[in-house]
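Here is how names work: the chains are called A, B, and so on, in the same order as the sequence lines, proteins then strands, and each is numbered from 1.
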Number of protein chains: 2
Amino acid sequence: MRDIDIAEVAALSGVRASTLRFYEEKGLIASHGRRGLRRLFDSAVLDRLALIALGRASGFSLDEIARMFAPDGRPRIDRKMLSAKADELDRTIRRLNSMRDGLRHAAVCPAPSHMECPTFRRLLRVAAAGKISEPRKAKKAQRKRS
Amino acid sequence: MRDIDIAEVAALSGVRASTLRFYEEKGLIASHGRRGLRRLFDSAVLDRLALIALGRASGFSLDEIARMFAPDGRPRIDRKMLSAKADELDRTIRRLNSMRDGLRHAAVCPAPSHMECPTFRRLLRVAAAGKISEPRKAKKAQRKRS
DNA sequence: CTGCCAGTTCAAGTGAACTTGAGGTCAAGG
DNA sequence: CCTTGACCTCAAGTTCACTTGAACTGGCAG
């Protein structure tokens, strides 16, 4: 339970200071006090950030995550919600699987135009049908220069 | 190759008229002419829209998609890019799989607090490590009232 | 001919999740 | 003591993919 300052939290968690301030404003994390102006965080904030990362990765919005460990402080996670999210994730995974297979096929398909390939056309039907969740860009460590 | 108007395209594709205009402005689709003010689309636009849906579903941005069948018109899709995207999708799927398993576990885990559950803590590490692409909300047919 | 109404344009708004900029403060080092 | 630089606040900006609103147009039914 040592106090660490925002720069250290940023370094340890990989989350930028501006994001940490933003998260605090949203009520996702809390600073424990100040030294001068500087926020002091409890080292437990690192677990909290991991939890937030988990939530984001599982498709929860920040608001949903905030609601998860809301009023008191410690994570009170709704098991029903988790289950539902797992199911949703499952459906997404299934669709992404067909997408991947289709892309993989299209990449090697000998048909002169993709539009003439039956596999590609089937893929198109899948895509046109289930509107799919949007995976957007993977943003890995988008760490630009200092 | 019949001409169809925007309302019909919307009805057949499930894409809203405003989105179709937006896509046209972005150069993703093209209208073939006008009857009065009204756009006329070639029915081939439906294939194009399926292609766009496919691209979006696979994680391409609209700009990337636009570049795919850019200057001339017909889809000249870079097989290398497809392959790369398939790989990326594959990695995303793998991560989502652990997420789902972890969520599933957390939903039934008997530990008094999730933080005390080793499986949950492992999940946390996965989430904290790979920053994962964001699946965001599934938006299926988000057809609100008129 | 008259209106209707679905279409049109263009600008601005939305929402999520942050980032950036301007201007200010303060603990610590020289 | 005074400068420095990391941190602070608050507002505004950014990106993406659209949606909405206001004001307008024109084909077609009556």
Side-chain angles (χ1 to χ4, degrees), chain A residues 3-11 13-29 31-41 49 52-53 55-67 131-146, chain B residues 3-11 13-41 49 52-67 131-146:
Chain A
D3 284 343
I4 51 187
D5 88 356
I6 198 170
E8 199 171 351
V9 175
S13 66
V15 176
R16 302 177 112 202
S18 67
T19 307
L20 292 171
R21 282 188 282 267
F22 174 70
Y23 280 0
E24 184 178 23
E25 198 181 348
K26 279 225 126 191
L28 287 161
I29 58 176
S31 55
H32 194 245
R34 300 280 176 124
R35 172 168 41 242
L37 301 170
R38 289 163 153 76
R39 287 166 178 77
L40 292 177
F41 289 96
L49 287 169
I52 292 169
R56 296 272 305 116
S58 304
F60 291 98
S61 71
L62 293 184
D63 283 354
E64 286 175 307
I65 294 169
R67 259 173 268 131
K131 282 305 182 66
I132 287 130
S133 83
E134 37 187 278
R136 178 66 94 248
K137 305 252 69 177
K139 58 166 175 187
K140 324 241 59 171
Q142 22 104 265
R143 185 150 244 60
K144 66 191 65 169
R145 34 96 240 173
S146 162
Chain B
D3 285 344
I4 51 187
D5 88 356
I6 198 170
E8 199 171 352
V9 175
S13 65
V15 177
R16 301 176 119 205
S18 66
T19 307
L20 292 171
R21 281 189 281 269
F22 174 70
Y23 279 1
E24 184 177 23
E25 197 179 352
K26 278 227 128 191
L28 286 161
I29 58 177
S31 55
H32 194 246
R34 299 281 176 123
R35 172 166 42 239
L37 301 170
R38 288 164 153 75
R39 286 166 177 77
L40 293 177
F41 290 97
L49 287 169
I52 293 170
L54 170 61
R56 295 272 304 117
S58 304
F60 291 100
S61 71
L62 292 183
D63 282 353
E64 285 174 308
I65 293 169
R67 258 173 268 132
K131 282 306 182 67
I132 287 131
S133 83
E134 38 186 281
R136 179 66 96 252
K137 304 252 72 176
K139 57 166 176 187
K140 322 242 61 171
Q142 24 104 263
R143 187 150 241 62
K144 67 190 64 170
R145 34 94 235 176
S146 163

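- Here Y23(A) does not reach the OP1 or OP2 of dA17(C): none of its side-chain N or O atoms lies under 4.0 Å away.
- The distance from atom CZ of F22(B) to atom C1' of dG13(C) is 14 Å, rounded to the nearest whole Å.
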Are I52(A) and V15(A) close enough, and set up right, to give a side chain to side chain contact (heavy atoms under 4.5 Å, CB included), and what steps lead you there?
CA-CA 11 Å; I52(A) 292 169; V15(A) 176; over 6 Å; no

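- Taking A11(A) as the reference, nothing meets the side chain to side chain contact (heavy atoms under 4.5 Å, CB included) condition, with sequence neighbours excluded.
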Classify every nucleotide of nucleotides 24-30 of chain D by which part a protein heavy atom approaches to under 4.0 Å, writing B for the base, S for the sugar-phosphate alone and - for neither, in 5'-to-3' order.
-BSS---

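- The side chain of R39(B) places an N or O atom within less than 4.0 Å of a non-bridging phosphate oxygen (OP1 or OP2) of dT9(C).
- Between D63(B) atom CG and dC18(D) atom C1' there is a gap of 14 Å when expressed in whole angstrom units.
- Taking every heavy atom of both residues into account, A17(A) and A10(A) meet most closely at N-CB, 4.1 Å.
- A residue-by-residue look at F60(A) and L40(B) shows that L40(B) has its nearest nucleotide of DNA chain C further toward the 5' end.
- To the nearest 0.5 Å, atoms CG (L20(B)) and CD1 (I29(B)) are separated by 5.0 Å.
- Distances shown here put a side-chain N or O of R16(B) below 4.0 Å from the OP1 or OP2 atom of dT19(D).
- If you measure from atom CZ of R21(A) to atom P of dA6(D), you get 12 Å, rounded to the nearest angstrom.
- Between the CZ atom of R67(A) and the P atom of dA16(C) there is a distance of 10 Å, given to the nearest Å.
- Across the protein-nucleic acid pair, I52(A) atom CD1 and dA16(C) atom C1' stand 15 Å apart, rounded to whole Å.
- A30(B) and F41(B) get closest at one heavy-atom pair: O-CD2, 3.6 Å.
- Residue contacts shown for A7(B) are limited to sugar-phosphate atoms, with no base heavy atom under 4.0 Å away.
- Side chain of I6(A), nearest nucleotide from dT8(C), dC7(D), dA17(D): dC7(D).
- Between dT19(D), dC18(C), dC7(D), one nucleotide has an atom nearer to the side chain of T19(A) than all others, and that is dC18(C).
- For the pair L28(B) CG and dA17(D) P, the interatomic distance rounds to 9 Å; values are reported in whole Å.
- Taking atom NZ on K26(A) and atom P on dA17(C), their separation rounds to 6 Å, with Å as the unit.
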Could you go through Y23(A) and L62(A), starting from their C-alpha distance and side-chain angles, then the distance that decides it, and tell me whether this counts as side chain to side chain contact (heavy atoms under 4.5 Å, CB included)?
CA-CA 9 Å; Y23(A) 280 0; L62(A) 293 184; 3.8 Å; yes

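- Residue R56(B) has a polar side-chain atom (N or O) positioned under 4.0 Å from OP1 or OP2 of dC18(D).
- Summarising the geometry, the separation between CD on E24(B) and C1' on dC18(D) is reported as 16 Å, rounded to the nearest angstrom.
- For E8(B), the side chain to side chain contact (heavy atoms under 4.5 Å, CB included) partners at least two apart in sequence or on another chain are R2(B), I4(B), D5(B), L12(B).
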